[in-house]
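We name chains A, B, ... by the order of the sequence lines, and we start the count at 1 in each one. What you see is a predicted model, and the numbers here were worked out from it, not measured in a lab.
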2 protein chains.
Amino acid sequence: MNPPASRRTAVIDLGSNSARVVVMNFRPGYSYHLEDEVREIVRLREGMTEAGLSDAAMTRGLFTLRLFRRFCDSVGVDRIIATATSAVREAANGPRFLERVAWDVGLSVRVLDGTQEAFYGVLGALNAVPLEDGIVLDIGGGSAQVSRVRARRFERGQALTLGSLALTERFVRSDPVRKSELQAVQQEIERQLDGVPWLNGERGPLVGLGGTIRNLAKIEAARRRYPLQTINGFALSRASVDETVRILSQSPLSLRRRLPGLARDRADIILPGALVLRGVMERLGVKELAISESGLREGLFFEEFWSDLPYPVTPGLREFAVLNLARFYGYHEAHAEHVRHLATRLFDQLAPLHGYGAWERELLRAAALLHDIGMAIRYNDHHKYSQTLITGSGLPGHSGREISLIALLARYHRKGVPDAGEYAGLLEQGDETRLVRLSALLRLSEFLERGRAGVVRDVEARWDTQGLRLTLVADEHPTVELWDAQRNALDLMESAMGRPVVLDSRLAV
Amino acid sequence: MNPPASRRTAVIDLGSNSARVVVMNFRPGYSYHLEDEVREIVRLREGMTEAGLSDAAMTRGLFTLRLFRRFCDSVGVDRIIATATSAVREAANGPRFLERVAWDVGLSVRVLDGTQEAFYGVLGALNAVPLEDGIVLDIGGGSAQVSRVRARRFERGQALTLGSLALTERFVRSDPVRKSELQAVQQEIERQLDGVPWLNGERGPLVGLGGTIRNLAKIEAARRRYPLQTINGFALSRASVDETVRILSQSPLSLRRRLPGLARDRADIILPGALVLRGVMERLGVKELAISESGLREGLFFEEFWSDLPYPVTPGLREFAVLNLARFYGYHEAHAEHVRHLATRLFDQLAPLHGYGAWERELLRAAALLHDIGMAIRYNDHHKYSQTLITGSGLPGHSGREISLIALLARYHRKGVPDAGEYAGLLEQGDETRLVRLSALLRLSEFLERGRAGVVRDVEARWDTQGLRLTLVADEHPTVELWDAQRNALDLMESAMGRPVVLDSRLAV
């Protein structure tokens, strides 16, 4: 079966603080990736009055959308989904502004109401992090959306005027921020959260998204030298949010701008947003939240991507994340699946020796599928590039620890002594041993599939205290596979299994 | 014009020490890359007698070729070019062995004579490093080829029985190697080089290729912590070869195996090869040689790749290397070329301010073409991935210093303060300033081409001691480009040009 044809959809999101266009390249229901992006600070809400958006803000908005439009035309997208949120929604002159956009730029912009904005943010999150039942919080520039999820579906949600920019514009005049101003922000947060009765009694888990929360996570990631390039799935603790609030409230803007991890163009507005997050964590009584790098824009995209499903949320989030990555980097499907088959066979038969279960099995199978993706970069050292691509990608649904383990397994699929290196900080006790044992199984499977033609169909394992015998079941005598496995994979296998390993073969019948 | 359709050619090379199959994926005359590879140690020459190849060696050869054949079938190649060199060439039973290969494996293997072997090695080298006139030395397992190049063409060459494995088998019995054994090797080298009269009077430059020389370069690269992943273009000094010879002759095999950079399966045979290299350097009186990562296999491939040319050597080696990389990673041609156009316009007009010439211009133009290739990996942080891809690739025809500069320019095309980082050791005096000035031009050009639609057609520069005025010539008012350039590129531009910079615009007429 051939995969569906590839398409490009652009999602434009005109927010109160920033405007963005993302170009998603995808094959419906099969694979997707973010291909291109432009982000502009528009500060649409700046100078907003009873009469609505200011002239300067509208000009910035208009020119930015014109640039986005040109960008989409030049990149060649099949469809543009353009939306606007709180600033345009709340401005008295919002409709007139959008008429001008339609007229001047030729873009039809859909204004999302609060519930819709909450819904699409949740769709983004559900396609990025595991969440069955819980709360999703999305803090934007103008508004903040809080939603409840039940059985992996959006149940209800609403927008509050608790965006970082909106709160800053309304309450903050001083630098550094005064205690009295912070108290006013705090009171407003409490007042508005009191207006969400269904939040009472909720206990999490909490998932956070949007620029403010992502940035708070990046500050913590910089603080502890988090080694991954992605913060999707990152666990941000209450203690770390408190610490960041403390630093931000004591520093003048000039110092805040230099806080590692904080985007310079958010330094002036992030503090009220951080207080919103703290307020919600306090109400739920949660000690941490999980970060979703997907939000509103991705939610709008997933509605199209999963349009064949009754509900547009990835079925099997983790499995799909692995497949999606493999597909994007053009994996050699037959080879990868055969290596996965052999590795699984070894894992299952040797369970009494390694003692691992379903979790490790899933990691091994993911690594088997992804072990060669680095070849998309360069054949030489492709095992190292496989690691780079996996740690850079984020694998939706996986924790930092899981991403690191899968990446390290891919890294050591050909040679070298498995070593956690810079990812050691993400691992837990026993993971170094896990890494060695699973690497041994993957490497042996790789060398048994050296010819890429599936000649070694199966492996049968027998052992006693003296040693382990592995019999290759093959279509023809697997001479080279035996030599290669012998020379390249047996040392690791012996040290992983703690006993001598002997290879032999028999013909498949 | 659409690029030619993509094809796959496999080149199999059955050497005396190792056998390899490489799969090249290419569009004839347009782009190519190494897609896949299997290397096996066959030691075909081991145990060779008057009667020819030993039974064990033939069995290893046969099974390895069968694996390669299966591999090619499974990967799906359009053509297989299979060759054998000295071991088969010199073995009395070579023809009979190849008949069996044809019969059992269905591969027709071409035996290269000494001149052909030299010729294809030179073709590989000429497509990888700049060499007008000089000497090429290729040290293999069985034989070593020395060739003379005139006007970028192979002029003459011959094979000598000076391969690493051949010399080891003939003269070395002890571990560590005895002085007397080394002297015997040395005498044999001198005797055979005396038989190459046309080498007299040659003064280099010298280019080296083949596993032995590559490995000597890798040892030196490890010693000085060379930060690139490729050693193509690496300058290996006579002093470093002498140092490696000293270490290798004093260490037993167990220590040699642990020498950083040395492949474990070469540790037992590399020393005689190192002496051959030293002998040739001595005769030519050269203080260094340039490493080519391309050799025989690539030469055989280039004959096909450049079959439309009268002589199969890349015209414009450096320009083609840049284009080839851009094409492999699917660059956005219109955008990259427009950024290159604007950067070149700025460079040329501002020459009196920066004082740079043709060399820097070429680096800037290369970086402009390659700045976004990291998007093939991931949009986020793509500037960092562009650097990774450039430093990982090797850019034929470029030195390590040039590769580093181009990669760093790409790295800083969007943001950050240009910094040589781990590549500092490859740079020379003044390069940090070069990096800042050229980065400034590239970054400004990038932000002027933000919309990817070529709206800013041109830039005009005027300046006095007070400041620099840049006028954008555009099809419509470039509002966003002005903001973006202002906010993202002007600081760097001002510090690079040492004066205030003002941007304005006028409509193109």
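- Looking at Tyr379(B), its side chain never comes within 3.5 Å of a backbone N or O of Val22(A) through a donor-acceptor pair.
- For the set Thr59(B), Leu67(B), Val23(B), the count of heavy-atom pairs under 4.5 angstrom toward chain A peaks at Leu67(B).
- Using a 4.5 Å heavy-atom threshold, the side chains of Thr479(A) and Arg66(B) count as separate.
- The shortest heavy-atom contact between Arg378(A) and Gln229(B) is NH2-O, 3.6 Å.
- When heavy atoms are compared at a cutoff of 4.5 Å, Phe68(B) does not approach chain A at all.
- Taking the charged nitrogens against the carboxylate oxygens, Asp265(B) and Arg487(A) have no contact shorter than 4.0 Å, which rules out a salt bridge.
- Put simply, the side chain of Trp483(B) reaches to within 4.5 Å of the side chain of Arg60(A), judged on heavy atoms.
- Using a 4.5 Å cut-off between heavy atoms, Ala334(B) does not touch chain A at all.
- The existence of a salt bridge linking Asp36(B) and Arg452(A) is confirmed by a sub-4.0 Å separation between a basic side-chain nitrogen and an acidic carboxylate oxygen.
- In this structure, Phe63(B) and Val480(A) approach most closely via the heavy-atom pair O-CG2, 3.2 Å.
- For the salt bridge (charged side-chain N to carboxylate O under 4.0 Å, His left out) test, residues two or more places apart in sequence or in another chain that qualify with Glu476(A) are Arg70(B).
- Ranked by heavy-atom pairs under 4.5 Å with chain A, the list Ile377(B), Leu34(B), Thr230(B) is led by Ile377(B).
- Annotation: side chain of Tyr385(B) is in contact with side chain of Thr388(A) (closest heavy-atom distance under 4.5 Å).
- Within the model, atoms CD of Glu449(A) and OG of Ser74(B) stand 7.0 Å from one another, a figure rounded to the nearest 0.5 Å.
- Between Val75(A) and His335(B), the closest side-chain pair of non-hydrogen atoms is not below 4.5 Å.
- Of the two parts of Leu389(B), only the side chain, counted from C-beta on, holds a non-hydrogen atom closer than 4.5 Å to a non-hydrogen atom of chain A.
- Ranked by heavy-atom pairs shorter than 4.5 Å toward chain A, the options Glu481(B), Met375(B), Glu40(B) are led by Glu40(B).
- Heavy-atom pairs under 4.5 Å with chain B peak, among Arg69(A), Glu35(A), Glu37(A), at Glu37(A).
- Residue with the most contacts toward chain A among His33(B), His332(B), Arg450(B): Arg450(B) (heavy-atom pairs, distance under 4.5 Å).
- Asp484(B) touches chain A through its side chain: at least one heavy atom from C-beta onward sits under 4.5 Å away, while N, CA, C and O do not.
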